[in-house]
2 protein chains.
Amino acid sequence: MAISEAESVVMEVLWRAAPRSAEEILAEVGPAQDWQEGTVKSLLNRLLKKKAVKAERDGRRYLYTPLLAREKYVSQESKGLLDRLFDGRVAPLVAHFSEQRKLTKKDIAELRKLLKELDDEQH
Amino acid sequence: MAISEAESVVMEVLWRAAPRSAEEILAEVGPAQDWQEGTVKSLLNRLLKKKAVKAERDGRRYLYTPLLAREKYVSQESKGLLDRLFDGRVAPLVAHFSEQRKLTKKDIAELRKLLKELDDEQH
DNA sequence: CACCACCGTTTACGTATGTAAGCGGACTCA
DNA sequence: TGAGTCCGCTTACATACGTAAACGGTGGTG
């Protein structure tokens with residue numbers, strides 16, 4: 001089953017640092033999301049069911065650790081978008097942003113560098 | 001409200017050609033999705049409520065036309081993904097695909113061309 | 001004019017999601 | 001040892017979504 005939007009917020013916290021307790025997660029995410037404790041706990045339980053995180057006992061509480069790697073999640077999501085909207089290819093997506101004038105100087109510089117590296121690798 | 005996955009399939013049909021009747025939409029999408037007629041009708045009604053399409057009478061039936069431009073939808077979806085996963089910037093996304101070896105020759109060639117064009121524009 | 005076919009609208013229903021309150025067991029402190 | 005506290009687990013509830021059946025009006029046909 002897919003990781004939902006709200007669940008992914010919890011995952012992001014765990015990807016930044018793990019293991020973490022529910023309380024720590026709430027502390028990090030609560031202010032921005034305005035969530036109650038019960039909300040975080042529910043999300044953690046759903047993530048457990050989905051095997052996206054594991055829990056290990058630490059005294060009276062649990063510490064949660066991601067089982068799903070961020071890298072993998074990012075790949076799935078990105079591929080999904082690309083397939084749905086850009087015929088599965090990267091260039092049209094970049095072209096789209098370019099047309100929308102959404103490429104920053106920094107983006108352009110980094111893309112140049114990236115292509116150069118790919119070029120160097122070639123030989 | 002957001003356009004759902006199933007709804008976007010109907011939108012894609014209408015973006016390819018519009019206006020179209022429910023029947024025509026079903027004909028184009030039914031085989032691939034294995035949907036019944038009622039399903040397409042529900043999706044169209046939800047899209048109407050969301051103001052993503054409009055309907056105009058054509059004799060005893062309606063013809064549906066997108067109100068939401070594909071360009072705009074694509075922008076929203078892409079920006080959403082970028083913001084959620086790549087800190088809102090394009091280069092890291094491309095880098096991700098590069099690391100995953102998901103850039104095709106064609107992608108690379110097109111990216112090169114794109115950058116060159118941006119460069120030319122500059123002067 | 002009565003009936004059927006066609007097409008949109010209404011209703012349905014199970015699951016997912018966002019958001020959380022309530023329950024119950026274990027640990028602690030008086 | 002009885003009461004309070006902390007924490008996970010269970011339950012709740014409204015909305016969204018996927019999927020579709022049932023209903024109802026309108027125009028054509030015999």
Side-chain angles (χ1 to χ4, degrees), chain A residues 1-14 18-65 67-68 73 76-77 80 84, chain B residues 1-14 18-68 73 76-77 80-81 84:
Chain A
M1 214 183 318
I3 306 265
S4 79
E5 180 77 28
E7 286 158 8
S8 80
V9 172
V10 170
M11 290 304 289
E12 289 289 352
V13 173
L14 289 175
R20 306 248 217 157
S21 66
E23 192 190 7
E24 289 167 326
I25 295 168
L26 176 63
E28 180 155 335
V29 104
Q33 302 289 327
D34 195 35
W35 280 342
Q36 299 311 114
E37 206 177 321
T39 302
V40 171
K41 287 177 181 176
S42 281
L43 293 173
L44 281 169
N45 269 310
R46 287 179 189 170
L47 288 168
L48 279 170
K49 277 209 191 92
K50 294 178 185 182
K51 307 277 186 195
V53 307
K54 70 175 178 184
E56 51 193 344
R57 187 139 238 142
D58 170 50
R60 55 162 58 236
R61 63 193 189 162
Y62 280 102
L63 297 181
Y64 300 88
T65 308
L67 286 179
L68 173 64
Y73 175 72
Q76 284 168 188
E77 295 287 303
R84 279 194 305 118
Chain B
M1 213 182 318
I3 306 265
S4 79
E5 180 77 28
E7 285 158 9
S8 80
V9 172
V10 170
M11 290 304 290
E12 289 289 352
V13 173
L14 289 176
R20 305 249 218 157
S21 67
E23 191 190 8
E24 288 166 327
I25 295 168
L26 176 63
E28 180 154 336
V29 103
Q33 303 289 328
D34 195 35
W35 280 341
Q36 299 311 115
E37 205 177 322
T39 302
V40 171
K41 288 176 181 176
S42 282
L43 293 173
L44 281 170
N45 269 310
R46 288 178 188 169
L47 288 168
L48 278 171
K49 278 210 191 89
K50 295 179 186 182
K51 307 277 187 197
V53 306
K54 71 174 178 184
E56 51 193 344
R57 189 138 236 143
D58 171 49
R60 56 161 58 233
R61 62 192 190 164
Y62 279 103
L63 297 181
Y64 299 88
T65 308
L67 286 180
L68 173 64
Y73 175 73
Q76 285 167 187
E77 295 287 303
L81 183 95
R84 279 194 304 117

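Worth knowing before you read on, the calculation uses all heavy atoms, side chains too, and leaves out hydrogens, waters and symmetry mates. Letters A, B, ... mirror the listed sequences (proteins, then strands); counts begin at 1.
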Minimum heavy-atom distance B/W35-B/A6, with the two atoms named: CH2-O, 3.5 Å

For residues B/A27 and B/P31, report the shortest heavy-atom separation together with the two atoms involved.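 Answer, listing the atom of B/A27 first, then B/P31: O-CD, 3.3 Å.
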
Which residues pass the side chain to side chain contact (heavy atoms under 4.5 Å, CB included) test with [X], not counting sequence neighbours?
{"X": "B/L81", "value": "A/E77, A/S78, A/L81, B/R84, B/L85, B/F86, B/L93"}
{"X": "A/S42", "value": "none"}
{"X": "B/L26", "value": "B/E37, B/V40"}

Tell me: [atom1] of [X] to [atom2] of [N], nearest whole Å?
{"X": "B/K49", "N": "C/dT9", "atom1": "NZ", "atom2": "P", "result": "10 Å"}
{"X": "B/E37", "N": "C/dC6", "atom1": "CD", "atom2": "P", "result": "10 Å"}
{"X": "A/R57", "N": "D/dG8", "atom1": "CZ", "atom2": "C1'", "result": "8 Å"}
{"X": "A/E24", "N": "D/dC6", "atom1": "CD", "atom2": "P", "result": "16 Å"}
{"X": "A/L26", "N": "C/dT19", "atom1": "CG", "atom2": "P", "result": "13 Å"}
{"X": "B/L48", "N": "C/dT10", "atom1": "CG", "atom2": "C1'", "result": "14 Å"}
{"X": "B/L63", "N": "C/dC7", "atom1": "CG", "atom2": "C1'", "result": "12 Å"}
{"X": "A/L47", "N": "D/dC9", "atom1": "CG", "atom2": "P", "result": "13 Å"}

Polar side-chain atom of B/S21 near backbone of B/E24 as donor-acceptor pair, under 3.5 Å: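 Looks like yes, one N/O pair under 3.5 Å.
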
Under 4.0 angstrom, heavy atoms only, what part of the nucleic acid is B/A55 near: base, sugar-phosphate, or nothing?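 The residue B/A55 makes no contact with any strand.
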
Is the number of heavy atoms from other residues, nucleotides or ligands within 6.0 Å of CD (B/E23) greater than 12? no

Please tabulate, for the side chains in residues 44-54 of chain B, all donor-acceptor contacts under 3.5 angstrom to protein atoms that are two or more places apart in sequence or on a different chain.
from, atom 1, to, atom 2, distance (Å)
B/N45, ND2, B/K41, O, 3.3
B/K50, NZ, B/A2, O, 2.7
B/K50, NZ, B/E7, OE1, 2.7
B/K50, NZ, B/E7, OE2, 3.0

Could you run down the sub-3.5 Å N/O contacts of the protein with nucleotides 24-30 of chain C?
from, atom 1, to, atom 2, distance (Å)
C/dC27, O4', A/R60, NH2, 3.0

Between protein and nucleic acid, restricted to nucleotides 12-19 of chain D and to nitrogen or oxygen atoms under 3.5 Å apart, what atom pairs and distances do you find?
from, atom 1, to, atom 2, distance (Å)
D/dC17, OP2, B/K50, NZ, 3.0
D/dG18, OP1, B/A6, N, 3.1
D/dG18, OP2, B/S4, OG, 2.4
D/dG18, N7, B/R46, NH1, 2.8
D/dG18, N7, B/R46, NH2, 3.4
D/dG18, O6, B/R46, NH2, 3.2
D/dT19, OP2, B/W35, NE1, 2.9
D/dT19, O4, B/R46, NH2, 2.9

Examine the side chains of B/R57 and B/Y62 and answer whether a donor and an acceptor come within less than 3.5 Å of each other. yes

